[in-house]
Structures are given as structure tokens and as C-alpha cells.
Amino acid sequence: MPEKIIESFNVKRLDILDEKGSVDESLMPSLADDEIKRMYEVMVLARTFDQRALNLQREGRIGTYAPIRGQEASQIGSALAMEKSDWIFPSFRENGVYLAVGHPLHMILQYWGGDERGLAIAKDLNIFPVSIPVASHIPHAVGVAMAAKYRGDGIAAAAYFGDGGTSEGDFHEGLNFAGVFKLPVVFICQNNQWAISVPREKQTAARTIAQKAYAYGFEGVQVDGNDIFAVYKATKDALNKAKQGNGPTLIECFTYRMADHTTADDASRYRSNEEVEAWKGKDPILRLKLFMEKKGLWSEQYQNEIETRAKAAVDDAEKKAESVGPPDPRDMFTYTYHTLTQRQQKEIKDF
Ligand SMILES: Cc1ncc(C[n+]2csc(CCOP(=O)(O)OP(=O)(O)O)c2C)c(N)n1
Ligand SMILES: [Mg+2]
């Protein structure tokens, strides 16, 4: 008997907006001018916030910070594609996602200042606190998708994670379960080419992250993660598919971490300047600006206005975050023990 091919797959790659600001009209999602401007304004706000957070960390006013520079389109394009009723499960680098869904800016700073109250789920927002243990929130998103399917809520869940996260057991368990039960969940991998100092080729021998979905029986797609239109379209399509009962999708946003892993890292010790320079030309904000300029949606005056607004919002967040005051140290008992021993009860009283 000759050998037969019993399964094969193709991985699609989606590109819409190129580095010169031109789009492929046949793939362009339907977006009003105001929606395009909003994408741009949120990305500008994210970059302003990111730089301020780095400055505050250097001044010792917040703790270790994980910057998002270069990944704005991946985060904001996908977050803006979601409905308010969808549930989002971010990991530690999703400041842009928090910002896009309207989590109060000062609370994001408060969190990076070491105060976990900054991640309390804000009123009317369906975004979970960040997951620091890599990929451990993926099964949580899958669980919410399972509940949504049972209840017929018509919502979807979305989990964000990095290329490094795809080597964790939680990633595989989550995707497997979601595939078996055809759950309404979207897996958004920001493949920023590095997991701290581990490059993509040491992370996986697979040519793409997207193809991992096929092992679990559903579609994976790679998108240009610096192209906000491609990210937005892929996320919208995946959410619609999920809500129509057609199961999960894995979206690989092919992007780059322009900054250090965190403020506790020095990326120049393990990656070349040439590599970083090559990615500078692919900047997600610059290319949307070029597109808007061609469409007559951008001017110097508009840029000045939105930069001034972004700066004012971040100034305000900084002031608010610093005026909240520290949490009650007694909280550590509340959240650590179910039942307090007599000695602990005395310790609390004597605090
Ligand atoms: C379970 C677990 N193992 C190790 C770590 C330490 N750690 C923090 S970030 C990170 C790399 C994550 O890389 P990636 O998933 O690509 O996300 P990125 O930082 O690039 O956004 C590691 C190993 C952790 N937080 N959790
Ligand atoms: Mg990474």
C-alpha cells in the first residue's frame, strides 16, 4: 500500500497596511474615519504612557516596568476589535490593551507601583488582572469561554500571551480543550521574537506559531503585528467565528519588542543593534500616520493636539496614582490566610 497524506494544512498570513502607509483595499476592514483616528490616538497615548512609566521607574517612583514600544498595533488593534461584553485575559505586557478598553490610566500606574489594587476589575470592564506566571491565564480564558458556551451568552474570551508562552503546558492544555469543545475563544500571541533573552528560533522549531493551532484542530493565522488594520481584521473575524459557534482561532501577531524585556533587563547584552534598527522602519504608529496623511486625516496641528491631550492624561494619571496612598499592610493577612492563628490576630491588632 502506498503511503497517503491524510492531513495537511496551510498557514495564512495577513498584511493590509505597509510601511509606506499604503493599504490593500480588498482586505481593508470597514472603518469610519473616526475609528481610524481613534486607533491612532490610542497608540499615541500608549507610547506617551510607556515612556512616562519608564521615566518614573528610573526615578524610583514605580517598580519594574514591562514596556510595549513596537507592539502598540498588536495590542490596540486587537483590543479595539472586541465588544465590551467579551472577556479579556492579559499577561504582564498588555498595558496597551488595558488602555484601549478604558481601564483608568492611574490604576495601571498604581499596579506598576506595586499596588495590586490598580488591577481591580474596573466598573463595566471585562478585563482580568494581568497574569505574571507565563501562560497560566490561558486555561482561565478557556474556562470563561466554556461557561459562555453553556450559558449561550453570545460573548467570546480572548487570551494574550507571548511567543515564550507557547512553550508552556498551559498553552497546550488550553488550546486542546478549546479545540475539543469548539469554544468561543481567541488566542492572541504577540510573537515579539524574544522571550527575555531567548530568541524565537530557540523557542520553537516550528516555522510559525500560528501552525500550532492545527495540532488542536482549529485555524491559526499569522498577521503583521505592526499593521493595525490586519490585527483588527483578524481579531474581528476570529471573534465573529467564535460567536457563531465555529470555535477558537490562534492569531500570531508577528511583531517586535523594541525595548528591553523590562526595566530589569539590558537587551543589548543578547541582541544586535542591526536587528533593532531593521525593525524601526516597521513602526506601527508611523505607518498609520503615513496612511492618514494620504487620506487627509493627519496634520501637524492634529498631531500637536493629540500629543498635548495624551500628555495631560498621563500627567493626571501620575498625580492620581501618587495620591492614592499605600494599601493597608493588614491586607497581607486578609489575602494570605483563611483562618488566623491567635498570634496573627494579635499581630494585626498591634499593627
Ligand atoms: C511560569 C513562568 N515561568 C517563567 C517566568 C519568568 N518570565 C517572565 S517573562 C518571561 C518570558 C516571556 O516571554 P514571552 O512569552 O515571549 O512574552 P514577552 O515577555 O516577550 O512579552 C519569563 C520566562 C514567569 N513569569 N512565569
Ligand atoms: Mg516574546
Side-chain angles (χ1 to χ4, degrees), residues 9-19 22-31 35-36 38-40 42-43 68 70-83 86-91 93-94 96-97 100-101 138 141 145 155-163 165-166 171 174-175 178-179 182-193 206-214 216-244 246-256 282 284 287-288 291:
F9 61 88
N10 293 305
V11 180
K12 279 193 229 150
R13 154 102 187 187
L14 183 63
D15 294 270
I16 299 177
L17 174 65
D18 71 15
E19 288 159 34
S22 301
V23 293
D24 181 333
E25 292 290 350
S26 68
L27 295 170
M28 185 68 185
S30 128
L31 286 164
E35 290 175 296
I36 294 172
R38 179 157 157 68
M39 287 175 158
Y40 186 69
V42 180
M43 287 205 288
I68 68 160
Q71 296 179 225
E72 293 90 348
S74 294
Q75 298 197 4
I76 291 155
S78 52
L80 291 180
M82 291 181 205
E83 305 283 338
D86 297 331
W87 271 99
I88 300 175
F89 291 78
S91 69
R93 202 181 295 287
E94 269 68 75
V97 175
V101 299
I138 296 178
I155 65 150
Y160 284 88
F161 48 89
D163 41 303
T166 65
F171 166 81
L175 267 70
K182 268 194 156 197
L183 298 180
V185 54
V186 181
F187 301 104
I188 302 172
C189 175
Q190 288 174 83
N191 175 2
N192 63 8
Q193 317 301 326
R207 198 169 142 216
T208 68
I209 301 277
Q211 73 200 58
K212 292 173 189 275
Y214 291 91
Y216 299 112
F218 58 92
E219 194 186 5
V221 56
Q222 187 183 81
V223 304
D224 178 345
N226 289 12
D227 165 354
I228 197 158
F229 296 144
V231 174
Y232 178 87
K233 181 176 166 34
T235 312
K236 265 265 180 263
D237 290 351
L239 288 167
N240 289 340
K241 178 177 133 189
K243 290 174 193 179
Q244 283 157 12
N246 295 320
T249 307
L250 169 62
I251 300 173
E252 174 188 0
C253 299
F254 199 84
T255 182
Y256 195 73
K282 300 179 195 292
R287 72 171 83 171
L288 183 57
F291 170 80

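Just so you know, these numbers come straight off a predicted model, no measurement behind them.
- Put simply, the side chain of Glu94 does not reach to within 4.5 Å of the side chain of Ile68, judged on heavy atoms.
- In this model, a donor atom of one side chain and an acceptor atom of the other lie less than 3.5 Å apart for Thr249 and Lys241.
- Judged by distance alone, with hydrogens and angles left aside, the side-chain atoms of Tyr232 form no donor-acceptor pair with the main-chain N or O of Ile76 at under 3.5 Å.
- For the residue pair Asn192/Thr255, the side-chain donor-acceptor check at 3.5 Å is not satisfied.
- Using a 4.5 Å heavy-atom cutoff, the side chains of Leu250 and Phe218 are in contact.
- In this structure the side chain of Lys282 reaches within 4.5 angstrom of the side chain of Arg287, judged on heavy atoms.
- In summary, Glu252 and Lys212 do not engage in a salt bridge, as defined by a charged side-chain N under 4.0 Å from a carboxylate O.
- Across every non-hydrogen atom of Ala156 and Asp86, the tightest pair is N-OD1, 3.1 Å.
- Side-chain contact check for Ser74 and Gln71: no donor-acceptor pair (N or O, by modelled atom type) lies under 3.5 Å.
- Scanning both residues, Ala73 and Pro284, for their nearest heavy atoms gives CB-CB, 3.5 Å.
- Between Gln193 and Asn191 there is a side-chain heavy-atom pair separated by less than 4.5 Å.
- Listed here is the closest heavy atom pair of Pro248 and Phe187: CB-CE1, 3.9 Å.
- In terms of the side chain to side chain contact (heavy atoms under 4.5 Å, CB included) criterion, residue partners of Ala234 (sequence neighbours excluded) are, by chain and number, Leu14, Val223, Ile251.
- Within the model, atoms CG of Leu17 and CG of Asp15 stand 9.5 Å from one another, a figure rounded to the nearest 0.5 Å.
- At a threshold of 4.5 Å between non-hydrogen side-chain atoms, the residues Met39 and Leu80 count as touching.
- Using bins of under 30°, 30° to 60° and over 60° for the plane-to-plane angle, the ring pair Phe9/Tyr214 lands in the parallel bin.
- The minimum heavy-atom distance linking Gly174 with Ile138 is given by the pair CA-CG2, 4.2 Å.
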